[in-house]
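The structure appears below as structure tokens.
Order of the sequence lines fixes the chain letters, A, B, ..., with proteins taken first and strands second; residue numbering starts at 1 for each chain.
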Amino acid sequence: MSDIASAPQAEDELSRRTERLEKLTAQYGNPFDVTKFDKTHSALSIKEKFASLAAGEKTTQVVRVAGRVMAIRNNGMFVDILDDSDRLQVFHDLKNTEPTRIELLKLLDFGDIIGVEGTVRRTPRGEITVDAVKLSVLAKALEQPPEKFHGLKDIEARFRHREQDLVATPRTRETLRARYKMVAAMRQFLYDRGFLEVETPMLHVIPGGALAKPFITHHNTLDMPLYLRIAPELHLKRLVIGGLSEKLFEINRCFRNEGISPRHNPEFSTLELYQAYVDFTAMIEITESVIFHVAKILHGSGKVKFGDIELDFTPPWPRKGMVDLIREHTGVDFYAANNAAKAREQAKKIGIATEPGISWGQVVEVVFAEKIEDQLIQPTHVIDLPKEISPLAKAWPDRPHVAQRFETYVNGWEIANAFSELNDPREQRARFLEQAEQKRGPDDPPHPIDEDFIKALAFGMPPMGGLGIGIDRLGMLMTDSPSIREVIAFPTMRPVD
RNA sequence: GACCUCGUAGCUCAGCCGGUAGAGCAUCUGACUUUUAAUCAGGGGGUCGCGGGUUCAAAUCCCGCCGAGGUCACCA
């Protein structure tokens, strides 16, 4: 001990900690040789089990706990450890501890992983504490964690070094745990309803099921380009066509090579679900039920705080026609302006310039996005979307330019999209061709048609409803997170030089 | 891609009408010893994102680059 005290000060933290590791190894064995520690309790389970202890009351109950050293107070007399359940205080009575253990205690650093055996008591100040009788270092931290009080504030550092963020920021632990708990709850909900969870390709020959710029990669042996999927939709339908299951879903990643924003990450997760022999109204019911279920699991009710507002996910949610909403908010009736030219003219009247050559449906879509979208705060199903912007949805037989489709909006964001799936292969081909001709951005290549999918439809797809829910955005709503990056463990970042 | 803002010690931040860098936590030494962001005293630690320019002198002013956040654009 005295030799540590008199040793020349290490020029940096890394060498200081490395020296301690060497000393540890020499005197107590290399902590990195340790392969296991028989934990009997989590921090939280101890606090719960001994909740009734009075201040100053001791027990003889021996427990074994382990976690990361988060604070060392009073010369090592008090050490706080953090495990995945909670923080817990460990006590060493320095007057009555054998010298070898005191030496070991003095080699501890903020951030080390330790195991402790001891008895439980509540201190006179009321803290549940483990009086240590054995102490072992299970891993040495050669880098120090962020500062214990302010934690890691720098947003960039938080996302680049998420493990440090997790150690330093309780909110990060809560947010990510809630996100994964939400996903688990969604899965369980769907299992309970008899849905089969499936997996479909991430690597697509033709990126279909949506209109978005894909990531391109290359397969060496096949010597061909492959695309990271932008949506799983077409493959999932093919599984239903084949009769694998009449109710199936996939929760997995999609990739879109587009802008990054507080609501967009290049890779993001969706739930896509298909159920044969039902229409889009059944998808409305599932959307409301699964999200209400998640809200209850995470918050105990359908009411969820988000920023300054309280969202209420208690079903049923209002259903509003897209064109009707526009009429209510602007006075313009796009059912009256029933062709592209009239629609563009009406849009211009309310200050929205549109590209020449776009369809009636696209005008409606643009006006909706500009005038309505961000006002839909409480959960709302927007129904009756134009057929022209719904190439995979059935239109109403008696309203041929309106699709049997809805999008659910919360806090101004689209979080769900569903329709009665188009199952006529001839109609589907025509829609794809139409879509391929539609003007997009000047640099966008024409969208290729997935003939395998058309052919699959030709084998006969049952009428069915399909639903997509954006997991990340729902996660943001459920965790009061203003940025999508908060609910993604490792958001996409540009590397530092 | 455009615009605005930011980048100073391991972490959180101050300094920025130019004069050569500070605090708290962390760390080291000592004291104290039932603490709770422990306390007290004393140390060490910085290519002020990178590069260039102006100037006697640049963390500070100017330009470029890199990274980040935001707004917009983009976005089935």
### Message
I'd like to know if A:N74 reaches the base of B:rU34 with its side chain such that a donor and an acceptor end up less than 3.5 angstrom apart.
### Response
no
Would you list the protein and nucleotides 8-13 of chain B atom pairs, both N or O, that sit under 3.5 Å from each other?
{"residue": "B:rG10", "atom": "N9", "partner": "A:Q144", "partner atom": "NE2", "Å": "3.4"}
{"residue": "B:rC11", "atom": "O2'", "partner": "A:G151", "partner atom": "O", "Å": "2.8"}
{"residue": "B:rU12", "atom": "OP1", "partner": "A:K153", "partner atom": "N", "Å": "2.9"}
{"residue": "B:rU12", "atom": "OP1", "partner": "A:D154", "partner atom": "N", "Å": "2.8"}

### Query
Residues two or more places apart in sequence or in another chain: which of them pass side-chain hydrogen bond (donor to acceptor under 3.5 Å, both in side chains) with A:N265?
none
### Task
Mind listing the residues from residues 166-176 of chain A sitting with a heavy atom below 4.0 Å of RNA chain B? Number order is fine.
none
### Query
Out of B:rG67, B:rA76, B:rA37, which nucleotide sits closest to the side chain of A:Q435?
B:rA76
### A:K213 side chain near B:rC75 phosphate (N/O to OP1/OP2, under 4.0 Å)
no
### Summary
From CG of A:D374 across to C1' of B:rU71 the rounded distance in Å is 14 Å
### Query
Partners of A:D279 by salt bridge (charged side-chain N to carboxylate O under 4.0 Å, His left out), sequence neighbours excluded?
none
### Task
Please identify each residue that fulfils side chain to side chain contact (heavy atoms under 4.5 Å, CB included) with A:R101, with sequence neighbours left out.
A:H92, A:T97, A:E98, A:A132, A:L135
### Query
In whole Å, what is the span from the CE atom of A:M493 to the C1' atom of B:rG67?
8 Å
### Message
Applying salt bridge (charged side-chain N to carboxylate O under 4.0 Å, His left out), can you list everything that pairs with A:R73, at least two apart in sequence or on another chain?
### Response
A:D80
### Task
Kindly say if A:R494 contacts the phosphate of B:rC66, meaning a side-chain N or O under 4.0 Å from OP1 or OP2.
no
### Task
Rounded to the nearest angstrom, tell me the gap between atom NE2 in A:H92 and atom P in B:rU36.
19 Å
### Message
Please tell me if A:R16 has a side-chain N or O lying less than 4.0 Å from either OP1 or OP2 of B:rC28.
### Response
yes
